[in-house]
2 protein chains.
Amino acid sequence: MKKASLKDIAQQAGVSTALVSYVLNGKEKETRVGEVIAQKIRQIAKELNYQPNHLAKSLRSGKTYTIGLIIADISNPFFANIARVVEDEAKKNGYTVIIGSCDEHAEKSWDLLNVLINRQVDGFIIVSCEGSENQVHYLKERNIPFVLLDRHFPEIQTDFVATNNYKASYDAGVHLIQSGYSKIGIMAYKSNMYHMEERVRGYKHALRDNHIEFHDSWLKEVHFETMDSEVRTAIDEILASEQRVDAMIFATYGLAINALKYINELRLKVPSDLAIVSYGQAEVFDLYYCPITYVQQPLEMLGKTAVEFLLTKLKNPEESMKQILMEAKLIARESSKAKPALTG
Amino acid sequence: MKKASLKDIAQQAGVSTALVSYVLNGKEKETRVGEVIAQKIRQIAKELNYQPNHLAKSLRSGKTYTIGLIIADISNPFFANIARVVEDEAKKNGYTVIIGSCDEHAEKSWDLLNVLINRQVDGFIIVSCEGSENQVHYLKERNIPFVLLDRHFPEIQTDFVATNNYKASYDAGVHLIQSGYSKIGIMAYKSNMYHMEERVRGYKHALRDNHIEFHDSWLKEVHFETMDSEVRTAIDEILASEQRVDAMIFATYGLAINALKYINELRLKVPSDLAIVSYGQAEVFDLYYCPITYVQQPLEMLGKTAVEFLLTKLKNPEESMKQILMEAKLIARESSKAKPALTG
DNA sequence: TATTCAAGTTTAAACGATTAAGCAACTTAT
DNA sequence: ATAAGTTGCTTAATCGTTTAAACTTGAATA
């Protein structure tokens, strides 16, 4: 049994497709469709279980009610969760989401962008990866609506919804200091992405403001692709250095996971051998023998707001630029608990 | 700058849209397009950065090169990963995937199905949830191509790709028995889904074949929606019973996570107080203080094969029914390590 | 009685692509 | 010289919808 079209209904009712369209779109009043025929049309539509063809609608209207969500790394549970939020929120508003992960590769991101543009998505929500500035410029030029999520480029004027990473790292640093740690390292991605730089900057300023001198050996930057091995080397180095750290901040979930695996292998005890604060959030952090202190980003709000921004922009393209930085919350757990005073 | 259409190119080249279409689809030979004009068309297409409109193509051809992936529970990392595999594999074949999670609700699954049908997806890959048999029947009736993934209904003839859950549980049971555990419990979802029944059946047969009498109190079935609280009660009960278990199998990732949290709270030591084998796979299992033994399902293969089945069916709707059960592999870790002999 | 108006309906173009069929203008064969 | 074939291109229908514009009635107004 093939799908019924407007034409099928029109034929059965003995009227033109126009009337059917009017009735089924609730425009019978404005377009003065007779009450009797309207009833009949509705009846037949029901009998044939009519479902409008979205393609045809979209082709005609130029709107697909679809948004493209490009995520830098879907294997990160933080992003996976944010994707869910975006999907749910979009669905509530009658939009469908097509998700793609570029796995931190600008090239893959570019491909995704093109595929989705050809599929005529109405707009984009994007968690940008390094080197994708040109893509953002392209969207601006082409006048395709989009909102950057979680990461943005301060030198490009765009809508965005992100976390105040500077503040989050600053808080994390202060927390560790107040807990009695004074030699604090940080591990981040080697990247010139703004959000990553901010995470490092906040940490450094926390040290500075508490009169702790920062040592270059405390900052470890590793490449995303070769994280597995580089994290190990980095940990080795940071522990072997003269200024051996007693606490570390991990700027991403992936770094923390890899580091924790290695720390376990080394039989280092958290927090006595090494205190830890990490970005990201996941069940692992709860179930680790020593629950991990983490930076809780307002995941739900980030996702919802991004959708909201995009949808208002779709409704009114002239809408002014919207930019928001949301505050993260440090969830203190055992992995950073106060150091027993040495003089105790 | 608006998107260029065939018409725009045709106008610039001073030819009909037909010629442009022929050239850009590589049909210039069959349709005898002049070499000179063909070059010109290609040139202009490039200049205008022509990208074909997928909607129009699809409307005309009846194919969208889109597949709908309906997942029972995307928050389960196993499914999240399988979704990635499906997406990647589909993309390799020029297909786009639209993912939806029904969160184990048949009603939500039905909504998703309809949304995606209206969006004219070419076919479905579905991880069915309880009570969705009618949906499967509906797809069969409507002759919409689909493949069931991971879960299937033995009483309905369909294509499917799934794990041999009976065997997996049997192996898990035997492994625990051989490791010296003799009072083995299992926690599963309260469900009449076949895959869940198989997981329990395999476990029971492992006991039977090893001359261990199964006790009703060893089987705990909890509801998906109220898992958080029910798991705790179930653990309490199973530990308080006369036949207190010394090992447990968790039939899903979610159950294991909830149980482990509670077990931690109770300060029970794994495996000495309680040995554990779980379904699902995730970083948690590696990072737990005592790495968790788990049933490793052939995730990659499952996803790829499902896509493969669906695509061959799309290419040739007359293709015969395809059904596959794949074997899981038990990854033995510390959480189920051999019990020290009492007489040692 | 002629004119205007409203109600109820149809027509046809449009969205952007594909493709069978048709039509000139040549060339070649008979 | 005429028929047949080849080459190179255009026309127009089609997919399923939407919607402005036109059209037909019959009733109300002047």
Side-chain angles (χ1 to χ4, degrees), chain A residues 1-42 44-45 48-66 94 117-122, chain B residues 1-42 44-45 48-66 94 117-122:
Chain A
M1 185 181 47
K2 267 193 58 193
K3 270 192 75 170
S5 71
L6 278 194
K7 211 170 161 187
D8 300 324
I9 300 179
Q11 259 158 12
Q12 274 215 29
V15 296
S16 70
T17 62
L19 273 202
V20 181
S21 173
Y22 290 143
V23 172
L24 298 184
N25 286 297
K27 304 204 173 154
E28 35 185 313
K29 287 288 173 291
E30 306 108 278
T31 57
R32 306 170 313 216
V33 180
E35 185 51 37
V36 183
I37 202 73
Q39 282 300 340
K40 189 171 175 188
I41 287 171
R42 268 191 291 267
I44 295 175
L48 297 185
N49 184 31
Y50 170 73
Q51 303 285 132
N53 181 322
H54 246 277
L55 292 177
K57 270 178 126 88
S58 296
L59 180 58
R60 176 66 218 248
S61 68
K63 319 194 104 292
T64 56
Y65 293 96
T66 302
I117 288 176
N118 293 354
R119 299 232 166 204
Q120 314 293 126
V121 299
D122 291 340
Chain B
M1 185 182 49
K2 266 194 58 192
K3 269 192 74 170
S5 70
L6 277 194
K7 209 168 161 189
D8 299 325
I9 300 179
Q11 257 159 13
Q12 274 214 30
V15 297
S16 70
T17 62
L19 272 202
V20 180
S21 173
Y22 291 144
V23 171
L24 298 183
N25 286 297
K27 305 206 173 155
E28 35 183 314
K29 286 288 172 291
E30 304 109 278
T31 58
R32 307 167 315 218
V33 180
E35 184 52 37
V36 182
I37 202 73
Q39 283 298 341
K40 188 172 175 187
I41 286 171
R42 268 191 292 267
I44 295 176
L48 298 185
N49 184 30
Y50 171 72
Q51 304 285 131
N53 182 321
H54 245 276
L55 292 177
K57 271 177 126 88
S58 296
L59 181 58
R60 177 67 218 248
S61 68
K63 321 194 102 293
T64 55
Y65 293 96
T66 302
I117 288 176
N118 293 353
R119 299 230 165 206
Q120 315 292 127
V121 299
D122 291 341

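Every value quoted in this text rests on a predicted model; they were computed, and no experiment measured them. Values below: all heavy atoms of this structure, side chains included; hydrogens, waters and symmetry mates excluded.
Within the 4.5 Å cutoff, no side-chain heavy atoms of B:Thr66 are placed close to those of B:Asp122. At a threshold of 4.5 Å between non-hydrogen side-chain atoms, the residues A:Gln51 and A:Asn49 count as touching.
When rounded to the nearest whole Å, the span between CG of B:Asp8 and P of C:dC15 equals 10 Å. The separation between B:Gln11 atom CD and D:dT10 atom P is 13 Å, rounded to whole Å. In this structure, A:Glu30 atom CD and C:dA7 atom P are separated by 13 Å, rounded to whole Å. Nucleotide C:dT19 holds its P atom 18 Å from the NZ atom of B:Lys29, rounded to whole Å. In this structure, the CD atom of A:Gln39 is 14 Å from the P atom of C:dG8, given to the nearest Å. Here the P atom of nucleotide C:dA7 and the CD atom of A:Glu28 are 15 Å apart, to the nearest Å. In this structure, A:Arg119 places its CZ atom 16 Å from C1' of C:dG16, rounding to the nearest Å. The separation between B:His54 atom NE2 and C:dC15 atom C1' is 17 Å, rounded to whole Å.
With sequence neighbours left out, the ring-ring contact (aromatic ring centres under 6.0 Å, His included) criterion links B:Tyr50 to no other residue. The ring-ring contact (aromatic ring centres under 6.0 Å, His included) test applied to B:Tyr22 returns no partner, not counting sequence neighbours. Checked against side-chain contact (heavy atoms from CB on, under 4.5 Å), B:Ser21 has the following partners two or more places apart in sequence or in another chain: B:Leu6, B:Asn25. With sequence neighbours excluded, the residues forming a side-chain contact (heavy atoms from CB on, under 4.5 Å) with B:Gln120 are A:Lys3, A:Asn53, A:Leu55, B:Thr64, listed by chain and number. Taking A:Gln11 as the reference, nothing meets the side chain to side chain donor-acceptor pair (under 3.5 Å) condition, with sequence neighbours excluded. Remark: A:Ser61 pairs with A:Lys63 by the side-chain contact (heavy atoms from CB on, under 4.5 Å) rule, at least two apart or across chains.
A donor-acceptor contact under 3.5 Å is formed by the side chain of B:Tyr22 with the base of C:dA20.
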Protein proximity profile, nucleotides 12-17 of chain D - base contact B, sugar-phosphate-only contact S, no contact -, cut-off 4.0 Å on heavy atoms: -BBBBB
Could you tabulate the donor-acceptor pairs under 3.5 Å formed by side-chain atoms of residues 28-35 of chain B, not counting sequence neighbours?
residue	atom	partner	partner atom	Å
B:Glu28	OE2	B:Arg42	NH1	2.6
B:Thr31	OG1	B:Lys27	O	2.5
B:Glu35	OE2	B:Gln39	NE2	3.3

Dump every N/O contact between nucleotides 4-8 of chain D and the protein below 3.5 Å, one line per pair.
residue	atom	partner	partner atom	Å
D:dG8	N7	B:Arg32	NE	3.3
D:dG8	N7	B:Arg32	NH2	3.1
D:dG8	O6	B:Arg32	NH2	3.0

